**Q** 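For reference, the structure I am asking about is given below.
Chain letters run A, B, ... following the sequence lines, proteins first and then strands; every chain starts at 1. These figures come from a predicted structure and were not determined experimentally.
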Number of protein chains: 2
Amino acid sequence: MATLRGGDLSRLRQLNSLTAIGALRGAGPLTLSALAKRTGLSRPSMKEVVDELMQLGWVEETPPAQGTIGRPARRYRFRASSGYLVGLDIGGHNIRAALANLNGEILAETRQPVRPDTPVEERLAAIERTVASCLALGGKTIADVWIVAAGTIGVITPEGRIHYCAAIPAWTGLDLAGRLREMFPCDVVVENDSRLAARAEAQRGTVRDASDVVFLHVGRRMGAALIIGGNVHRGFGAAAGEIAMLPQAQWFDAPEHLQNCSIIPPDTSPADAAGYTLAAARAGDPVALAAVERYVDDLAVGTSAMVLLLDPQVVVLGGGFSRSADVLLPPLRERLRRSCIRLPDVRASTLGDECVVTGAIDYAVAHLDHQLFTPDVPLPTSR
Amino acid sequence: MATLRGGDLSRLRQLNSLTAIGALRGAGPLTLSALAKRTGLSRPSMKEVVDELMQLGWVEETPPAQGTIGRPARRYRFRASSGYLVGLDIGGHNIRAALANLNGEILAETRQPVRPDTPVEERLAAIERTVASCLALGGKTIADVWIVAAGTIGVITPEGRIHYCAAIPAWTGLDLAGRLREMFPCDVVVENDSRLAARAEAQRGTVRDASDVVFLHVGRRMGAALIIGGNVHRGFGAAAGEIAMLPQAQWFDAPEHLQNCSIIPPDTSPADAAGYTLAAARAGDPVALAAVERYVDDLAVGTSAMVLLLDPQVVVLGGGFSRSADVLLPPLRERLRRSCIRLPDVRASTLGDECVVTGAIDYAVAHLDHQLFTPDVPLPTSR
DNA sequence: GTTAATAATGATGCACTCCTTCGTAAGTCA
DNA sequence: TGACTTACGAAGGAGTGCATCATTATTAAC
């Protein structure tokens, strides 16, 4: 009720225009009648709204559907190619970029390996290269891009500085948003990677149906994010979800159980170690199974805390280890059943390694929506 | 954006009416011009809105202000006495009732002691008596009451059953909402007591300015509640905030440190034991201070988990022990500073023992607002 | 006591948005 | 080719909000 406001007749038109845009973005091309039905407006009114939106460049006409009875209806769709969005995943070992249209449909993706100890300037240069190649792959230039949304490991400030980053030591203290703004002449937003992955999960993953979700970002690093009331919870200082910092949660070192298991061949690369243990556990190796048990024990402590505190509808296991959800979920469920009041639905993520960069695109879309739905914020020209 | 909808012209009027009601509820009597200024509408339009609201019985005129230059303006106010609200705090040792008008202004309060082992039927009878005497005290009858909002210890289901209650053993399994509905011929809502106290704190307490808050409900029982984005977070199964159930949080038995301190005289009643320890600690008794340290150690573990997870703007210490905030807050701050990324503002509640019953009234007001702001929900007749 | 200043009131006309209705147009099907 | 179906477009009407202006009630100053 805080934000509920009436106003002018033009405000009403604005609301109806936005509802129409929302309907068009949600579903593919729609006829006027279909739009009217969805928004609750009458057809003539809808016509006027759509005419206006076409004039503003937000909506365009598409060829009518074939083979329908009666006079073929004009069809309209959101003009998703008025501008483009770039998503970035700046991780310890990889930099990923994605190019998407205003609907968040991904048109191109690129990836470049880096190392956790890559110096800052070199890493920033790699980011620029990755984005440039992604734009080239999609046949666009940076001038076509409206928003760059970047996700990175670590605790970030609301303004987009890296407050603390254990995974990329040199990252700590960097004004990432500032540096990216120097690099890209458009709107830049920066967010924690786990929260972006959670967003992707809520937008296109396994929890599109739920509005209260605990997202576990598990892999070589442990992270978490919360979706509350349908929104990714950011926290007052943009530091929500950092339960790994609590010693009692036994989270920080939990992956060690999997990465230092005695059955791992000595020449295995660190990137594959945990995978080896998980695969062995799937095959029934008792030592690996014991390691998994210990890992899940630790994982469950922090997860229980989150579940007890938030009583979410769903817990999602995402991140690198989610590929082994078949091994991890049953014991995790078992632990949660014992410690929680109500066992939430426990699911595995269906998004792969692109979850963060996908979430970054979704974050950019949300940012655009926010601008769209907030009067007084100037929009990039759409025509 | 999910709930953002345009619509009809009547929808616009509805929005403006609700904005007007909101403005009138927030501030005392307002003139037409003041209302217009607040809502952004023009004076003539405001007039029409107010006329309609007067006709519907939501708004009434009050005598004009004296001693103003120019023609005195008519003043209008929300007709808070169109109906009444009852708040209930059903605790282990006390039942409290409050009667308030539709603005949430409390007109009468009553209290009746009970015991944790009071049988269910007897306790329900006590509830009925407490409410009856409260109504009598306020000069109203149950027919004047639109909503009864009840808070009680324990985990409740979304439907208002007691899922589990450690403090009142016989309470577990009771369909509290159902029994109260049999008792009172009006709308009945049931909520966890800590969440109600948090709501009171957000509405009239120390955190009116913050939208992300961790509320610690500390006393002989430990509870917690979260305010996220300005809303009290309830959880999918209405079981949010139950971090005390997590063994690692060391919360459940934390009050024992204060209640079983060796310096407490043997004939002290259990209700006063912790208070004795806290008072001794304030006076500098080393044994009491050590007990307080141990208590805060435990309290800080669960609090750290919540702060790390949610990154709230404020942590509020409420409940019975908040009277000793001067003793508890400094060491709690110290612990949190060490374990958290960003130390939130740590404050003491200013509401006393009536925090839950006050919060129940605020919950009833919120429920009424919800009905007001949700079309299609029939309202109690207001005229 | 009279007059000027101030601020609210009430009435009028206008602009905008949405709705209903109806005749017309453009397809499919028999 | 004609019947049927569906969409289009235009016209008229109702509801809502705004700007404007003459009127009214009160205070302040002379």
**Q** NA contact type, Arg74(A), heavy-atom cut-off 4.0 Å: base, sugar-phosphate, or nothing?
**A**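 It contacts sugar-phosphate atoms only.
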**Q** Counting only side-chain nitrogens and oxygens, does Arg43(A) get under 4.0 Å of the OP1 or OP2 atom of dC8(D)?
**A**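 For Arg43(A), the contact criterion (side-chain N or O under 4.0 Å from OP1 or OP2 of dC8(D)) is met.
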**Q** List every contact pair, protein side and nucleotides 25-29 of chain D side both N or O, where the distance is under 3.5 Å.
**A**
unit_1	atom_1	unit_2	atom_2	d
dA25(D)	N3	Arg71(B)	N	3.4

**Q** Once salt bridge (Lys or Arg N to Asp or Glu O under 4.0 Å) is applied, do any residues pair with Glu354(B), and if so which ones, sequence neighbours excluded?
**A**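 In terms of salt bridge (Lys or Arg N to Asp or Glu O under 4.0 Å), with neighbours along the sequence ignored, Glu354(B) is linked to Arg96(B).
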**Q** Over all strands shown, is Pro64(A) touching base, sugar-phosphate only, or nothing at heavy-atom distances under 4.0 angstrom?
**A**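 Touches nothing.
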**Q** Mind checking what makes salt bridge (Lys or Arg N to Asp or Glu O under 4.0 Å) contact with Arg43(A), not counting sequence neighbours?
**A**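 Salt bridge (Lys or Arg N to Asp or Glu O under 4.0 Å) check on Arg43(A) returns nothing, list empty.
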**Q** Could you state the atom-to-atom distance from CZ of Arg75(A) to P of dC8(D) in whole Å?
**A**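 Distance check: Arg75(A) CZ to dC8(D) P gives 12 Å.
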**Q** Partners of Ala197(B) by side chain to side chain contact (heavy atoms under 4.5 Å, CB included), sequence neighbours excluded?
**A**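 Partners of Ala197(B) by the side chain to side chain contact (heavy atoms under 4.5 Å, CB included) criterion, ordered by chain and then number, come out as Phe215(B), His217(B), Cys355(B), Val356(B).
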**Q** From NZ of Lys47(A) over to C1' of dT6(D), roughly how many Å is that when rounded to an integer?
**A**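 Those two atoms, NZ and C1', are 16 Å apart.
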**Q** Any N/O pairs under 3.5 Å between the protein and nucleotides 15-18 of chain C? List them or say none.
**A**
unit_1	atom_1	unit_2	atom_2	d
dC18(C)	OP1	Asn16(A)	ND2	2.5
dC18(C)	OP2	Arg13(A)	NE	3.0
dC18(C)	OP2	Arg13(A)	NH2	2.7

**Q** On DNA chain D, check which nucleotide each of Thr31(A) and Pro44(A) is closest to and give me the residue with the more 5' one.
**A**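 Result: Thr31(A).
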**Q** Regarding Glu61(B) and Arg75(B), does a basic nitrogen lie under 4.0 Å from an acidic carboxylate oxygen?
**A**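 A salt bridge is absent here (no side-chain N lies under 4.0 Å from a carboxylate O).
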**Q** Check the distance between dA8(C)'s C1' and Lys37(B)'s NZ and give it to me in whole angstrom.
**A**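 Whole-Å distance recorded here is 15 Å.
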**Q** Could you tell me whether Arg13(B) and Glu48(B) have a side-chain N and a carboxylate O separated by less than 4.0 Å?
**A**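 Yes.
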**Q** Taking only residues two or more places apart in sequence or in another chain, which ones pass side chain to side chain contact (heavy atoms under 4.5 Å, CB included) with Asn103(B)?
**A**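 For Asn103(B), the residues satisfying side chain to side chain contact (heavy atoms under 4.5 Å, CB included) (neighbours in sequence not counted) are Arg25(B), Phe78(B), Ala80(B), Asn101(B), Glu105(B).
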**Q** Please list, chain by chain and in numerical order, all residues satisfying salt bridge (Lys or Arg N to Asp or Glu O under 4.0 Å) with Arg204(A), sequence neighbours excluded.
**A**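 Listed in chain order: Asp362(A).
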**Q** Not counting sequence neighbours, which residues clear side chain to side chain contact (heavy atoms under 4.5 Å, CB included) with Ile69(A)? List them please.
**A**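 For Ile69(A) there are no side chain to side chain contact (heavy atoms under 4.5 Å, CB included) partners, ignoring immediate neighbours.
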**Q** Send over the distance from Asp51(B) CG to dA11(C) P, rounded to a whole Å.
**A**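 Spelled out: CG on Asp51(B) to P on dA11(C) is 11 Å.
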**Q** Counting side-chain heavy atoms from CB outward, which of dT9(C), dA11(C), dA10(D) is closest to Leu32(B)?
**A**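 Selected nucleotide: dT9(C).
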**Q** side-chain hydrogen bond (donor to acceptor under 3.5 Å, both in side chains) with Asn231(B): which residues, sequence neighbours excluded?
**A**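 Applying side-chain hydrogen bond (donor to acceptor under 3.5 Å, both in side chains) to Asn231(B) gives none.
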